[in-house]
Structures are given as C-alpha cells and as structure tokens.
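Some notes on the structure that comes next.
In each ligand, atom 1 is the first atom listed, and ligand 1 is the first ligand listed.
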Amino acid sequence: MQYYDITIIGAGPAGASLARSLGGEYRVLLVDKRALDKEPSNHIKNCGGLIAPDAQRALASFGISLPKSVLDSPQSFAFETVDCDNDIVQTYQRHYINVDRERFDRWLVSLCDDKVEMLFSTRYRESIKIEEGYKVTLLEKGVKKEITTSIIVGADGANSRVKRELLGVQKYPLKRYISIQEWFPNDDNINQFVAIFDEEISDFYSWIIPKEEGVIFGSAIEEGKNATTLHNLQKTKLKKYGYNFSNPYKRAGAFILRPLSNKEICLGKGSVALIGEASGFISPTSAEGISYAMLSGTMLAESLLEDKENFQALYLDKSKVLKQNITKKMLKYPLIYNKNIRKIVLKQGLGAIKNV
Ligand SMILES: Cc1cc2nc3c(=O)[nH]c(=O)nc-3n(C[C@H](O)[C@H](O)[C@H](O)COP(=O)(O)OP(=O)(O)OC[C@H]3O[C@@H](n4cnc5c(N)ncnc54)[C@H](O)[C@@H]3O)c2cc1C
C-alpha cells in the first residue's frame with residue numbers, strides 16, 4: 001500500500017495552493033473527483049468566477065500572475081446594485097477579474113511541483129485511524145484504491161466529507177444556503193456585474209455575471225425554503241429592472257456555508273486539517289471564497305514546513321488574520337443587509353458612478 005506524508009482531498013484553490021506551497025518537500029498526494037487533467041471535466045465547480053481584490057492581493061503575495069488563458073470576458077469595471085426592497089439602483093466602480101473557473105483551477109494545479117502525485121477522477125470514500133495515521137479508501141474511476149497517510153487534509157469544499165467523517169461535524173453550525181446558477185444566452189448584451197438584494201427572496205443576495213459564452217443569473221437561498229421557486233420569482237421581479245432571463249441552457253446547484261461568527265471556523269484536530277471552504281472560510285457578506293481558500297492553503301503549508309509535529313498550533317496562529325477578516329466583514333453586514341441602512345447609503349450615492 002502506498003504511503004504519503006500528506007494526502008489532500010480536493011484540488012480547488014485551497015488544495016492546489018497547499019500542494020503548490022509545499023513544493024517537493026513531503027510525499028504529497030492531491031486527490032479530486034473532477035477530471036482536472038483532461039477536458040471537459042466530469043464535474044464542474046459551480047462558481048461565479050470573479051477574482052475579488054482580496055484574491056488579487058493573495059496572488060500578488062504569492063508572486064504569481066494570471067495567464068491570459070484563464071481570463072473570461074467581459075472584464076467589466078461597473079458593478080450595479082439593485083435594491084428591490086427600496087427600489088433603488090446604483091452603479092459603482094469595482095475591480096473584479098472575470099475568470100473561467102475551470103481553467104483557473106487547472107492552472108493553479110499546474111503550478112504544483114512535479115513531485116506532488118495527483119489522482120483525478122478519484123473520489124474520497126473514507127478513512128480509518130491506524131497507528132501511523134490513516135488508511136484512506138479512494139475510488140479511482142470507480143475502482144477501489146487504498147493508501148496510507150500520516151496527515152489528511154480536507155480541502156473538499158462546503159460539503160466536506162472529511163469534516164463530517166473524521167471530525168464528527170454532522171450538523172452544520174454555519175448557516176447553509178442553496179445556491180442555484182443558470183446560464184442564459186446574453187441576448188441583451190449585459191456587460192456589467194450586478195448584485196441584487198431582496199428580502200422576499202433571501203437574506204443573502206443574487207447576482208448576474210456576464211461571461212463569454214452567455215450570462216449567469218445566480219441566487220443564494222436559505223436552506224429549508226423553496227430555493228427553485230424563490231430563484232424563479234427573483235428572475236420575474238428583475239424584469240422591472242430590464243433583466244429578462246428565459247430558457248437557460250445550463251443549471252447547477254451548490255451549498256454555500258455562511259459564517260455568522262468566526263467561532264464557526266473549524267481548522268481540524270490532531271492529524272486532520274481543514275482548509276478553504278471546508279473549514280468555513282468564506283466572506284459572510286459576498287460569498288467570496290477564493291482568497292480565503294488560497295490563503296488558508298498556503299498558511300497550512302507554511303505551518304507544515306515549519307514544524308510537521310506541531311503544525312496545528314502554527315496553523316491556528318497564522319490563520320487568525322483570516323478569522324479577523326471575517327469579523328471585519330461582519331461589521332459591514334448591516335450596511336449591506338439592513339434594508340433601512342442600505343436605503344440611506346444608496347440614496348446618498350456616495351462613490352456611485354454618474355452617467356456623463
Ligand atoms: C454559486 C457560487 C458562486 C461563487 N462565486 C464566487 C466568486 O465569483 N468568487 C469567489 O471568490 N468565490 C465564489 N464562490 C465561493 C468559492 O467558489 C469557494 O469559496 C471556493 O471555491 C472555495 O475553494 P475550496 O478550494 O475551499 O473548495 P472548492 O473550490 O469547492 O474545491 C473543493 C474540491 O474538492 C473536490 N471534492 C469534493 N468532495 C470530494 C470527494 N469526496 N472526493 C474527491 N474530491 C472531492 C471538488 O471536486 C473540488 O474540486 C462561489 C460559490 C458558489 C457556490
């Protein structure tokens with residue numbers, strides 16, 4: 001049975017950043033159920049693919065720049081806010097980079113050292129505690145494969161199996177949302193990003209993101225509510241603001257875990273670590289998660305490289321800054337999500353773009 005020092009489940013921005021930052025130092029296995037080594041992939045990560053300023057700063061801190069091949073279009077600088085509660089629309093200048101999320105993930109994986117072993121189209125099933133760490137069962141293209149590992153890292157996203165199974169986190173302390181995204185032909189030539197706030201639909205938000213191949217309309221609805229009905233109702237209400245969406249050619253769903261306090265972040269225990277959205281790192285105000293994923297992966301790598309025996313304490317310390325960041329975002333919460341305060345902010349129009 002093959003042995004690895006570190007086995008990473010999930011090769012999204014968190015897992016790929018951890019694997020890249022570990023270099024060739026340990027025997028590392030990177031596993032993902034997606035076919036990240038060939039196109040098209042069997043599974044697609046449901047995401048808007050906007051690289052926010054925090055994620056741009058993270059990339060700058062790693063000293064890496066985005067290649068042209070991962071960019072999508074349009075690259076817009078206009079961000080429209082549609083407040084359905086107060087019937088106000090304002091446009092602001094924002095600096096997001098529009099990427100193709102699948103190409104972005106493939107590119108991050110390609111930056112890993114050649115010594116990192118990768119198993120794609122491979123699903124993580126379970127782990128059993130053994131003396132030297134864990135015996136891990138994987139399903140490689142449906143065929144059972146067992147390996148042993150000293151440390152196991154859950155980088156497997158919001159619905160983390162590693163977290164549920166190895167850390168006994170069965171119930172989600174974080175607030176859970178069902179996110180639906182639909183892709184439409186961009187017949188009306190929408191070329192700005194849009195955020196929609198509407199209490200009748202959700203206490204989070206909905207969004208419009210134009211892409212080269214079409215335009216995405218997405219929404220995040222609290223678990224327990226009828227997500228499909230509310231998502232469709234939001235589309236109907238948007239007609240008033242000039243957005244007409246019918247006949248989607250693609251539809252995808254995903255969970256979003258929304259931390260309402262940084263105490264809900266779970267970094268792991270013993271020889272099990274969590275990074276990225278599996279640990280609960282995501283912006284509570286915008287659901288921006290790519291920066292937290294890349295940064296937490298890199299912080300865990302630094303901790304493992306510094307002292308493999310004591311890595312959990314180091315990781316806890318290094319990632320404090322990410323928890324503080326979530327607390328700061330929580331302070332902005334009423335400005336965005338309290339409709340009365342939002343009305344004052346939007347009516348003032350501070351920083352808004354005026355048509356000239
Ligand atoms: C609809 C939607 C839109 C979003 N839009 C944005 C955006 O525009 N910008 C932004 O910054 N953030 C966005 N986010 C959040 C962002 O996508 C996540 O926070 C980010 O991808 C987290 O990275 P990660 O590496 O932690 O997890 P993920 O990107 O979810 O990666 C987890 C990986 O684990 C793999 N995996 C899961 N289970 C298993 C298993 N059992 N076996 C093997 N592999 C497994 C998956 O295939 C996946 O590759 C959005 C989220 C949603 C749901």
Between [X] and ligand 1, find which residue part has any heavy-atom pair under 4.0 Å and reply side chain, backbone, both or neither.
X: A155; result: backbone
X: I209; result: neither
X: A293; result: side chain
X: R101; result: side chain
X: K33; result: both

N or O pair under 3.5 Å between [X] and ligand 1:
X: R123; result: no
X: G48; result: yes
X: R34; result: yes
X: K45; result: yes
X: P13; result: yes
X: Y124; result: yes

Heavy atom of the protein closest to [atom] (residue, atom name, distance):
atom: atom 38 (N) of ligand 1; value: D156 CB, 3.7 Å
atom: atom 10 (C) of ligand 1; value: G289 N, 3.5 Å
atom: atom 1 (C) of ligand 1; value: S179 OG, 3.1 Å
atom: atom 6 (C) of ligand 1; value: C47 SG, 3.4 Å
atom: atom 35 (C) of ligand 1; value: D32 OD2, 3.3 Å
atom: atom 34 (O) of ligand 1; value: G10 CA, 3.2 Å
atom: atom 52 (C) of ligand 1; value: N46 O, 3.4 Å
atom: atom 19 (O) of ligand 1; value: E277 OE1, 2.8 Å

Counting from 1, what ligand 1 atoms have a heavy atom of [X] closer than 4.0 Å?
X: A254; result: 53 (C)
X: I290; result: 10 (C), 11 (O), 12 (N)
X: G276; result: 26 (O)
X: A287; result: 12 (N), 13 (C), 14 (N), 15 (C)
X: T122; result: 43 (C)
X: I256; result: 52 (C), 53 (C)
X: W207; result: 1 (C)
X: A14; result: 24 (P), 25 (O), 26 (O)

Check your understanding: Hey, does the side chain of R251 reach the backbone of E182 with a donor-acceptor pair shorter than 3.5 angstrom?
Key -> no
Between [Y] and [X], does any NZ, NE, NH1 or NH2 come within less than 4.0 Å of an OD or OE carboxylate oxygen?
X: R34; Y: E102; result: yes
X: E306; Y: K318; result: yes
X: D83; Y: R342; result: yes

Practice item. With rounding to the nearest 0.5 Å, note down the distance linking CD1 in I290 to SG in C47. Key: 4.5 Å
Which heavy-atom pair separates [X] from [Y] by the least distance, and what is that distance?
X: A78; Y: Q192; result: O-CB, 3.4 Å
X: S271; Y: Y134; result: OG-CE1, 3.6 Å
X: A19; Y: V116; result: O-CG2, 3.9 Å
X: I275; Y: G15; result: CD1-N, 4.0 Å

Any luck finding a side-chain donor-acceptor pair between [X] and [Y] under 3.5 Å?
X: N86; Y: K339; value: no
X: N46; Y: R101; value: no
X: Y96; Y: E288; value: no
X: K235; Y: N232; value: yes
X: Y249; Y: E213; value: yes

**Study point:** salt bridge (Lys or Arg N to Asp or Glu O under 4.0 Å) partners of R27, counting only residues at least two apart
**Key:** E117
Check your understanding: Can Y205 be reached from L50 by stepping across I, L, V, M, F, W or Y side chains whose heavy atoms are under 4.5 Å apart?
Key -> yes
Exercise for review: Report yes or no: does G49 have a heavy atom closer than 4.0 Å to ligand 1?
Suggested key: yes
Check your understanding: Does ligand 1 have an atom that lies less than 4.0 angstrom from a heavy atom of Q181?
Key -> yes
Review point. Which of the listed options, L50, L108, V99, I216, holds the heavy atom that is closest to atom 9 (N) of ligand 1?
Key: L50
Practice item. Kindly identify the option in G12, G157, A16 whose heavy atom sits closest to atom 27 (O) of ligand 1. Key: G157
Review point. Does the ring of F204 carry R258 above it, NZ/CZ under 6.0 angstrom from centre and within 45° of its axis?
Key: yes
Practice item. Determine which pairs satisfy ring-ring contact (aromatic ring centres under 6.0 Å, His included) with at least one residue from residues 300-333, sequence neighbours left out, and list them in order. Key: Y333-Y337
